[in-house]
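Please read all numbers here as calculations on a predicted model, not as lab measurements. We use all heavy atoms of the structure for the numbers below, so side chains are in, but hydrogens, waters and symmetry mates are not. So you know, we letter chains A, B, ... as the sequences are listed, proteins then strands, and number each from 1.
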There are 2 protein chains.
Amino acid sequence: MNISQFELLCEVARVKSFSKAAKLLHLSQPAVSSQIHSIENYYGAKLFERSTSGVTLTPIGETVYKYAKEILKLHDKLEKEIDASLQSENQKLVIGASTTIGNYAIPCTIWTFKEKYPLAQIKLEVKNTKTILNMLDNDEIDLALLEEPLPEKHDNFKKHPVSNDELLVIAPPKKPWVDKTTITLAELKKAPLIIREQGSGIRCMFEKVLSALNLNLLTDFNVVTEMGSIEAIKSTVEAGLGVSICSSLAIRKEIRSGVIHPLRIEDAEFQVNYLIVYKDKKNLNSTAKRFIRFLAGPGKNPFC
Amino acid sequence: MNISQFELLCEVARVKSFSKAAKLLHLSQPAVSSQIHSIENYYGAKLFERSTSGVTLTPIGETVYKYAKEILKLHDKLEKEIDASLQSENQKLVIGASTTIGNYAIPCTIWTFKEKYPLAQIKLEVKNTKTILNMLDNDEIDLALLEEPLPEKHDNFKKHPVSNDELLVIAPPKKPWVDKTTITLAELKKAPLIIREQGSGIRCMFEKVLSALNLNLLTDFNVVTEMGSIEAIKSTVEAGLGVSICSSLAIRKEIRSGVIHPLRIEDAEFQVNYLIVYKDKKNLNSTAKRFIRFLAGPGKNPFC
DNA sequence: TAACGGTATAATTTTTGGTTATGGCCTCTA
DNA sequence: TAGAGGCCATAACCAAAAATTATACCGTTA
């Protein structure tokens with residue numbers, strides 16, 4: 001039995017479903033299924049009653065759940081205590097993140113992390129993907145949070161998936177766009193398109209998907225401007241001067257307030273995978289290691 | 001982190017040595033070393049100060065040790081509670097053991113097990129190795145405790161090493177023997193030898209070692225009798241009527257009281273490995289699974 | 001009865017944890 | 001102070017565990 005199995009069990013017990021827990025833990029459903037089986041085998045007792053409408057704890061399952069929560073609580077306390085001991089030796093962590101992640105996802109994650117480890121000292125660098133990779137290479141940052149695919153091969157870097165999101169077309173809430181919720185690539189080709197600069201993770205990812213469809217961003221599309229900032233692009237789109245693409249994370253507020261109209265692309269998969277990237281686990285300080293575990297280790301998804 | 005890592009850490013902290021802990025846990029020293037390393041990496045902190053005269057806990061190590069003990073205590077309580085819930089459904093365990101193990105090793109092990117799981121219902125069958133294997137095949141017993149090598153191939157059985165011991169020559173505490181502590185095979189060949197019956201694990205193991213040296217028990221040795229019981233053999237040896245071989249476990253009392261004189265064989269390795277053998281883990285009840293874990297699972301050696 | 005939501009199973013790959021063999025370092029002893 | 005012995009670290013290798021994808025199965029529900 002290990003700590004992550006206790007975490008898994010608690011998550012399953014909480015949401016009463018293997019597949020839901022799998023999603024929340026960034027695992028496949030069979031992984032959860034087999035973990036539960038192996039826990040049941042370990043204790044020699046059935047812990048969940050399976051049915052088509054989810055799963056429920058058996059009486060023994062309830063007992064294990066109760067203790068699992070207690071053990072996890074204890075372990076949490078242990079980690080906090082270690083953290084407190086280590087902070088006396090000045091363990092700073094410098095994280096680099098791409099624009100999208102750095103501006104829209106990570107602030108909340110760091111907040112959650114600091115809630116758990118109040119003494120952690122974290123500095124955040126937000127630059128475009130390429131710059132961040134250079135900084136990682138030059139040891140200016142400890143960890144990088146970027147989107148897949150990385151623009152170049154970096155065999156000396158370790159990568160670990162952390163979360164994922166969908167790329168959307170964003171348009172002004174006006175005439176041709178406002179009454180649809182999806183768009184085809186053919187329509188997008190004709191629209192005035194604003195894109196991020198070369199070196200941006202989102203642009204790299206977009207070009208990759210296009211090239212798989214034998215399309216070229218600059219020749220097949222009607223690119224009207226390149227801009228170096230998501231906020232600038234959003235303002236331009238809001239002003240009705242064109243459409244663009246960006247991660248759904250980055251436009252949550254604008255969608256709620258209705259100033260930007262999002263559209264899904266019908267005929268292509270625009271899934272973005274977010275990665276945590278680092279050079280060598282051994283040379284990282286404990287705050288860094290804990291941060292990796294916090295969001296990449298099996299269990300947990302603190303991208304909020 | 002998993003429960004057995006906490007156990008390992010506690011054992012290392014207790015005995016203040018990687019290699020001693022390794023022996024106690026039936027592991028190799030590098031295994032302990034690498035586990036400790038991975039725990040240190042997990043928490044991002046050094047837990048032990050290494051020196052040539054053993055290891056000592058660092059302050060953070062002390063903290064982890066304290067919590068590890070608490071977590072283990074909690075987990076123990078959990079297992080006892082599960083046990084209590086399960087006993088209501090009548091979980092009997094029938095263990096079969098070879099003569100040596102059944103008479104001299106297992107009683108104490110069962111006692112230790114019952115101390116931990118007071119509600120466990122265990123029945124012990126003591127027969128010779130061959131008979132026990134038949135009983136296992138016929139589902140008359142759930143688990144078997146035998147010595148390696150098994151007399152025949154049993155591909156449908158799972159085996160797991162549990163402990164080990166040394167085969168000794170036993171002689172009366174008299175003239176030719178009493179002033180030596182070792183014996184050569186050449187001397188043994190000439191001595192009047194009493195052996196166990198065909199089908200005995202000890203005899204099988206002895207013959208196996210001999211055949212590796214191109215020797216045959218019945219033609220190369222002076223076998224004066226075969227006997228079906230260790231106690232009978234011991235009495236015969238005490239009476240001065242010959243020498244025999246048996247596991248050191250079986251003659252602890254006689255050695256202490258001086259009625260039997262043990263001799264190590266100089267020119268051969270007579271190591272006995274004890275195994276736990278079972279058919280299929282899936283069909284075992286929880287008491288059986290827990291018993292396997294109790295003595296075969298990484299960590300623990302309750303053969304006393 | 002077909003489609004759907006949810007778990008189980010199978011085949012495969014990756015990761016982890018174990019083993020043996022070996023090396024380096026400190027201490028104790030002659 | 002050289003050498004032996006004890007102890008931990010490292011390397012190469014192997015087996016077991018745990019992940020993934022693909023697919024089967026099985027009740028509900030439309």
Exercise. What's the NE2-C1' distance between A:H37 and D:dA17, to the nearest Å?
Worked result: 16 Å

For this session: Mind telling me whether A:Y43 and B:H75 have parallel, tilted or perpendicular rings, with 30° and 60° as the class edges?
Result: tilted

Exercise. Just how far, in rounded Å, is P of D:dC8 from CG of B:L8?
Worked result: 12 Å

Problem set entry | A:H37-A:F18 aromatic ring centre distance below 6.0 Å | no

Exercise. Expressed in angstrom and rounded to an integer, what is the separation of B:K46 atom NZ from D:dC8 atom C1'?
Worked result: 12 Å

For this session: Write down the distance between CG (A:N2) and P (D:dA18), rounded to a whole number of angstrom.
Result: 7 Å

Exercise. Between C:dA8 atom P and A:F48 atom CZ, what is the distance in whole Å?
Worked result: 11 Å

Exercise. Can you find a side chain N or O atom of B:S19 that sits less than 4.0 Å from OP1 or OP2 on D:dC8?
Worked result: yes

Problem set entry | Distance-only donor-acceptor check, side chains A:Y65 and A:R14, under 3.5 Å | no

For this session: Give one of base, sugar-phosphate or nothing for B:V32, where a contact means two heavy atoms less than 4.0 Å apart.
Result: nothing

Exercise. Nearest-Å distance, NZ (A:K23) to P (C:dG5)?
Worked result: 10 Å

Exercise. When you match B:K20 and A:Q35 each to their closest nucleotide on DNA chain D, which lands nearer the 5' end?
Worked result: B:K20

For this session: Please evaluate the base of C:dA8 for a donor-acceptor partner in the side chain of A:Q29 within a cut-off of under 3.5 Å?
Result: yes

Exercise. Can a donor-acceptor pair be found between the side chains of A:S38 and A:Q5 at a distance below 3.5 Å?
Worked result: yes

Problem set entry | Candidate nucleotides C:dA8, C:dA21, C:dG18, ranked by approach to the side chain of B:P30 - the nearest | C:dA21

Exercise. Atom CZ of B:R293 to atom P of D:dA17: distance rounded to whole Å?
Worked result: 14 Å

Exercise. With respect to the phosphate group of D:dA9, does any side-chain polar atom (N or O) of B:R50 fall under 4.0 Å of OP1 or OP2?
Worked result: yes

Problem set entry | Non-hydrogen atoms of A:Y42 and B:R293 that approach each other most closely | O-NH2, 2.9 Å

Exercise. Closer than 4.0 Å, any side-chain N/O of B:S33 to the OP1 or OP2 of D:dA9?
Worked result: yes

Exercise. Atom CG of B:N41 and atom C1' of D:dA9: how far apart are they, to the nearest Å?
Worked result: 16 Å

Seminar exercise, completed: With the side chain defined as heavy atoms from C-beta on, A:L27 is closest, among D:dC8, D:dT20, C:dT19, to D:dT20

Exercise. How would you label the contact of A:S28 with the nucleic acid (heavy atoms, under 4.0 Å): base, sugar-phosphate, or nothing?
Worked result: base

For this session: Check every strand shown and say whether B:S17 touches a base, only sugar-phosphate, or nothing at a heavy-atom separation below 4.0 Å.
Result: sugar-phosphate

